[in-house]
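In what follows, a single structure is set out as structure tokens and then discussed.
This structure is a prediction, so every number in the text was calculated from the model and none was measured. In what follows, every chain begins at residue 1, and chains take the letters A, B, ... in the order their sequences are listed.
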Amino acid sequence: GESVGLHLPTLSVQEGDNSIINCAYSNSASDYFIWYKQESGKGPQFIIDIRSNMDKRQGQRVTVLLNKTVKHLSLQIAATQPGDSAVYFCAETDTGGFKTIFGAGTRLFVKA
Amino acid sequence: KAGVTQTPRYLIKTRGQQVTLSCSPISGHRSVSWYQQTPGQGLQFLFEYFSETQRNKGNFPGRFSGRQFSNSRSEMNVSTLELGDSALYLCASSLTGTADTGELFFGEGSRLTVL
């Protein structure tokens with residue numbers, strides 16, 4: 001497959017453990033945030049989103065936390081599985097901006 | 001329904017040439033965005049189109065251009081290619097491209113290598 005990034009921060013976790021991936025966003029006006037997962041050779045895929053009027057949202061095995069005071073997002077993955085190994089990006093959008101900006105990405109390795 | 005389709009998937013060009021990449025969005029999606037992905041710079045926003053109009057653009061030189069057709073299909077063009085243009089070019093579609101409509105749906109990208 002294709003490499004999506006050779007110089008990314010890396011998080012290595014044991015299968016079954018919980019993972020936490022952090023992201024600092026840049027624009028105070030951003031009001032919509034998404035986490036994407038990118039596997040080798042593929043485009044990014046939606047995982048979970050959150051709007052600025054919320055501070056927590058849960059999905060299946062994933063939770064996103066938003067702290068607008070410090071402009072920080074986190075993605076928590078419960079019971080991490082080998083299939084979760086990928087690069088994870090946070091993304092921010094501001095209303096009417098018609099532009100979604102991506103963070104640098106974090107590579108997650110899951111050890112069996 | 002069919003996803004976002006990008007063509008070609010792989011291409012090799014030499015410096016000074018130009019290239020055109022194509023993107024067919026998901027049926028019913030009217031917003032198309034383009035991103036450049038490189039190991040060093042991550043995903044960089046190029047431009048966004050809606051109803052044949054460019055609504056926003058990133059910080060790229062004028063060699064990078066795009067357009068959208070009435071059927072929402074989009075093309076991007078890079079002229080006078082440089083070695084640094086080697087990258088994965090990703091197209092993403094969404095219903096309207098605003099924060100009200102949810103996530104971007106990405107294609108698998110066009111891998112451009114400039115020699």
Between A:Thr100 and B:Tyr35, which heavy-atom pair has the shortest distance, and what is it?
O-OH, 2.6 Å
Heavy atoms only: give me the nearest A:Pro44-B:Leu43 pair and the separation to one decimal.
CG-CD1, 4.1 Å
Heavy-atom count check: over 12 atoms from other residues, nucleotides or ligands less than 6.0 Å from [X] [atom1]?
{"X": "B:Arg63", "atom1": "CZ", "answer": "yes"}
{"X": "A:Asn53", "atom1": "CG", "answer": "yes"}
{"X": "A:Gln14", "atom1": "CD", "answer": "yes"}

Please say yes or no: joined through hydrophobic side-chain contacts below 4.5 Å, possibly via intermediate residues, are [X] and [Y] part of one cluster?
{"X": "B:Leu83", "Y": "B:Leu21", "value": "yes"}
{"X": "A:Ile47", "Y": "A:Ile21", "value": "yes"}
{"X": "B:Phe64", "Y": "B:Leu11", "value": "yes"}

Atom pair [atom1]/[atom2] of [X] and [Y] - distance to nearest 0.5 Å:
{"X": "A:Lys42", "Y": "B:Leu88", "atom1": "NZ", "atom2": "CG", "answer": "14.0 Å"}
{"X": "B:Ser94", "Y": "A:Phe46", "atom1": "OG", "atom2": "CZ", "answer": "12.5 Å"}
{"X": "A:Phe98", "Y": "B:Phe45", "atom1": "CZ", "atom2": "CZ", "answer": "10.5 Å"}

Between the side chains of A:Gln45 and B:Glu103, is a donor N or O closer than 3.5 angstrom to an acceptor N or O?
no
Are B:Phe106 and A:Tyr36 near enough that their ring centres are under 6.0 Å apart?
yes
Does the side chain of A:Phe102 come within less than 4.5 Å of B:Leu104's, by heavy atoms?
yes
